[in-house]
Amino acid sequence: MALEIERRFLVRGEQWQAQVRSSEQLAQGYLVSREDGFTLRVRLVDRDHAWLTLKAAVPSGAMPSAAVASEAVRAPAAEAATVPLIRQEFEYAIPRADGEALLAQAPYQVSKRRYGLDLAGGDWVLDVFEGANAPLVVAEVELPSATAVVVVPPWCGPEISGRHDLSNAALARHPLNSWSTAERAALLGCLG
């Protein structure tokens with residue numbers, strides 16, 4: 001079973017720029033996006049790549065370390081900041097023309113510039129959201145296991161692992177600029 005194990009953080013300031021090793025433009029659309037976290041996404045990367053990705057919750061008892069995984073998948077919101085988000089992830093390269101056709105069918109979309117970061121302790125990326133989700137900046141680290149230790153860079157703000165309202169699928173459906181002024185201030189004010 002393909003698993004995605006990640007932690008996510010809001011980003012403050014621009015100190016992260018010293019760790020950039022690569023960047024790419026992403027456009028992604030959600031063909032299916034359910035409340036239980038099941039998504040079917042198409043992603044266009046720069047000018048030549050396209051991917052189809054399905055993400056879903058991990059079934060109970062479906063992996064050897066099920067106790068750790070089930071805690072992470074079912075963590076209450078108050079504990080979400082201390083456990084990674086663990087999901088099944090199936091990703092397939094598709095022809096660019098197919099990706100463009102699927103993106104045109106996606107009712108909810110998001111665009112962002114993704115930066116690959118040179119940091120230890122996992123595969124770190126940073127997303128600078130554009131359009132209706134600007135000025136949101138989120139760092140993610142994909143981990144080899146749910147128990148992996150993460151050294152969080154000082155430019156990371158609050159952890160948002162497990163916050164459904166800040167998932168890419170949720171931001172595509174309900175972008176930051178559609179949040180109330182108070183909601184935006186509460187989210188972005190904690191970065192000051």
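All figures in this text were calculated on a predicted structure; none of them were measured in a lab.
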*Carefully, step by step, assess Val128 and Tyr115 under the rule side-chain contact (heavy atoms from CB on, under 4.5 Å).*
CA-CA 8 Å; Val128 177; Tyr115 296 90; 3.7 Å; yes

*Is the shortest side-chain N to carboxylate O distance from Arg7 to Glu159 below 4.0 Å?*
yes

*Flag, side chain of Arg113 to backbone of Glu130, donor-acceptor distance under 3.5 Å*: no

*Note: Glu24-Arg114 ion pair, threshold 4.0 Å (strictly below)*: no

*Can you find a heavy atom in the side chain of Val141 that is under 4.5 Å from one in the side chain of Leu143?*
yes

_I'd like to know whether Val138 forms a side-chain contact (heavy atoms from CB on, under 4.5 Å) with Asn168, so could you lay out the CA-CA distance, the side-chain angles of the two residues, the decisive distance to 0.1 Å, and finally the verdict._
CA-CA 10 Å; Val138 174; Asn168 285 299; over 6 Å; no

Pair up each side-chain donor or acceptor in residues 183-192 with any protein partner under 3.5 Å, not counting sequence neighbours, and list the distances.
| unit_1 | atom_1 | unit_2 | atom_2 | d |
| --- | --- | --- | --- | --- |
| Glu183 | OE1 | Ser180 | N | 2.8 |
| Glu183 | OE1 | Ser180 | OG | 3.4 |
| Arg184 | NH1 | Trp179 | O | 2.4 |

*Residue pair Ser33 / Leu40, side-chain heavy-atom distance below 4.5 Å*: no

*Do Trp155 and Leu126 have side-chain heavy atoms sitting under 4.5 Å apart?*
yes

_Less than 4.0 angstrom from a charged side-chain N to a carboxylate O is my criterion; do Glu4 and Lys55 meet it?_
yes

*Please assess Asn177 against Asn133 for the test side-chain contact (heavy atoms from CB on, under 4.5 Å), listing each intermediate value before the final yes or no.*
CA-CA 6 Å; Asn177 75 357; Asn133 284 302; over 6 Å; no

*Side-chain heavy atoms under 4.5 angstrom apart, residues restricted to Ile, Leu, Val, Met, Phe, Trp, Tyr: same cluster for Leu44 and Tyr92?*
yes

_Value rounded to 0.5 Å, distance of OH in Tyr30 from CZ in Arg173_ = 11.5 Å

*Just wondering, do Leu31 and Tyr108 contact through their side chains at under 4.5 Å, heavy atoms?*
no

*About how many Å separate CD1 of Ile160 and CZ of Arg8, when rounded to the nearest 0.5 Å?*
4.5 Å

*Which pair of heavy atoms, one from Ser178 and one from Pro175, lies closest together, and at what distance?*
OG-O, 2.7 Å

_According to salt bridge (charged side-chain N to carboxylate O under 4.0 Å, His left out), who are the partners of Glu100, at least two apart in sequence or on a separate chain?_
Arg96

*Looking at CG of Leu166 and CG of Leu176, how far apart are the two atoms once the value is rounded to the nearest 0.5 Å?*
8.0 Å

*Using 4.0 Å as the upper bound for N to carboxylate O, is an ion pair formed by Arg21 and Asp118?*
no

*When you measure from the side chain of Asp46 to the backbone N and O of Gln25, does any donor-acceptor pair fall under 3.5 Å?*
yes

*Under a 4.5 Å cut-off applied to non-hydrogen side-chain atoms, are Leu102 and Leu52 in contact?*
yes

*Answer whether the closest heavy-atom distance between the side chains of Thr39 and Val32 falls below 4.5 Å.*
no

_Return the CD1 to CD distance between Ile5 and Glu89, rounded to the nearest 0.5 Å._
11.0 Å

*Residue among Arg43, Arg41, Gln28 satisfying side-chain hydrogen bond (donor to acceptor under 3.5 Å, both in side chains) with Thr53*: Arg41

_Minimum-distance pair of heavy atoms, taken over all atoms of Phe9 and Gly157_ = CD2-O, 4.0 Å

_Listed once per pair and sorted, the ring pair (Phe, Tyr, Trp, His ring centres under 6.0 Å) pairs that draw on residues 32-51, sequence neighbours left out_ = none

_Is there a continuous path of hydrophobic side-chain contacts, each under 4.5 Å between heavy atoms, that joins Val45 to Val125?_
no

*Nearest non-hydrogen partners of Gly29 and Leu103, listed with the distance*: N-CD1, 3.4 Å

*asked:* Going by side-chain contact (heavy atoms from CB on, under 4.5 Å), name the residues that satisfy it together with Ser167, two or more places apart in sequence or in a different chain.
replied: His164, Ala169, Ala170

*Give the C-alpha distance, both sets of side-chain angles, the deciding distance and a yes or no for side-chain contact (heavy atoms from CB on, under 4.5 Å) between Leu136 and Leu171.*
CA-CA 10 Å; Leu136 187 61; Leu171 290 168; 3.5 Å; yes

*Determine whether Asp127 and Val137 make a side-chain contact, defined as any pair of heavy atoms from C-beta on separated by less than 4.5 Å.*
no

*CH2 of Trp124 to CG of Leu119: how many Å apart, nearest 0.5 Å?*
6.5 Å

Using distance only, find each side-chain donor-acceptor pair of residues 10-18 under 3.5 Å and give its atom names and separation, not counting sequence neighbours.
| unit_1 | atom_1 | unit_2 | atom_2 | d |
| --- | --- | --- | --- | --- |
| Trp16 | NE1 | Gly13 | O | 3.3 |

*Kindly give the cluster partners of Val149, where membership spreads through any ILVMFWY side chain lying under 4.5 Å from a current member.*
none

